[in-house]
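The analysis underlying the following values was restricted to heavy atoms, covering all of them including side chains, and did not include hydrogens, waters or symmetry mates.
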Amino acid sequence: MRLLVFFDLPVKTKKERRQATQFRNFLLKDGFYMLQFSLYGRVCNTIEAAQSHEEKVILHLPAVGSVRSLIITEKQYTNMRILVGVSHKKEAPVKAAQLSFF
């Protein structure tokens, strides 16, 4: 599963810039990586884990702006096409590890 967080936050005043920076720093500390300037993603093992991290995002929302989230499967994420630019190492699809019992 991938949890994607999209945001558009105002940064005109010093207070707005501080809130936007605090929100971005929270996302990074919670294990998100930056896909684009206002798009962050996080790999989650289960839907429950994704929902849990989404709740954490809700608790750290800034007072103003627009923030959206989207939970998608790994299969859906791998179908994303990059039209201009290159993918980064952190964006690589997660491969399911095979369990072996001896």
Side-chain angles (χ1 to χ4, degrees):
M1 304 296 304
R2 297 267 178 155
L3 172 59
L4 302 177
V5 175
F6 312 81
F7 58 90
D8 185 16
L9 303 176
V11 290
K12 291 182 181 177
T13 67
K14 188 174 183 178
K15 180 180 178 182
E16 290 172 341
R17 283 191 299 276
R18 186 176 70 247
Q19 287 181 345
T21 299
Q22 287 173 341
F23 182 67
R24 182 182 169 280
N25 287 339
F26 158 74
L27 292 174
L28 294 171
K29 287 179 186 174
D30 195 39
F32 285 83
Y33 57 91
M34 185 172 73
L35 277 138
Q36 292 183 344
F37 288 120
S38 294
L39 171 57
Y40 284 69
R42 187 183 199 294
V43 176
C44 299
N45 291 332
T46 63
I47 186 72
E48 291 81 14
Q51 290 169 340
S52 172
H53 285 283
E54 187 177 47
E55 291 297 322
K56 289 181 186 179
V57 170
I58 291 169
L59 293 175
H60 289 86
L61 290 173
V64 294
S66 175
V67 180
R68 298 164 192 248
S69 68
L70 177 66
I71 298 173
I72 60 174
T73 65
E74 199 62 28
K75 175 78 172 164
Q76 291 168 324
Y77 185 81
T78 58
N79 286 333
M80 179 175 29
R81 292 175 44 206
I82 298 174
L83 303 177
V84 175
V86 296
S87 64
H88 299 282
K89 194 181 222 182
K90 292 181 182 180
E91 296 180 57
V94 177
K95 296 182 180 178
Q98 183 177 358
L99 295 174
S100 298
F101 296 100
F102 294 88

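Put simply, the side chain of Arg42 gets close to the backbone of Asp30: a donor and an acceptor are under 3.5 Å apart. Panel note: side chain Thr21, backbone Arg17; a donor-acceptor pair is recorded below 3.5 Å.
Under the side-chain contact (heavy atoms from CB on, under 4.5 Å) criterion, Val67 pairs with Val5, Phe7, Leu9, Phe23, Leu61, Pro62, sequence neighbours left out.
Within 6.0 Å of atom CG in Asn45, 12 or fewer heavy atoms from other residues, nucleotides or ligands are found, so the atom counts as exposed in its surroundings.
Shortest non-hydrogen contact noted between Ala50 and Cys44 is CA-SG, 3.6 Å. Considering all non-hydrogen atoms of both residues, Thr46 and Met1 come closest at C-CG, 3.7 Å. Closest heavy-atom contact between Leu35 and Gly41: CD1-N, 3.9 Å.
Atom CD of Gln19 sits about 13.0 Å away from atom NE2 of His60, to the nearest 0.5 Å. Rounding to the nearest 0.5 Å places CZ of Phe32 at 8.5 Å from CG of Leu4. Once rounded to the nearest 0.5 Å, the distance linking CG of Leu27 with CE of Met34 reads 11.5 Å. Arg2 contributes atom CZ, which lies 7.5 Å from atom CD1 of Ile72 (distance to the nearest 0.5 angstrom). Note that CZ of Arg68 is 9.5 Å distant from CG of Asp8, once rounded to the nearest 0.5 Å. The NZ atom of Lys29 lies 13.5 Å from the NZ atom of Lys56; values are rounded to the nearest 0.5 Å.
Linking ILVMFWY side-chain heavy atoms closer than 4.5 Å, directly or via other members, places Val64 and Val11 in two distinct hydrophobic clusters.
In this structure, Gln22 and Arg18 have side chains that are in contact, with non-hydrogen atoms separated by less than 4.5 Å.
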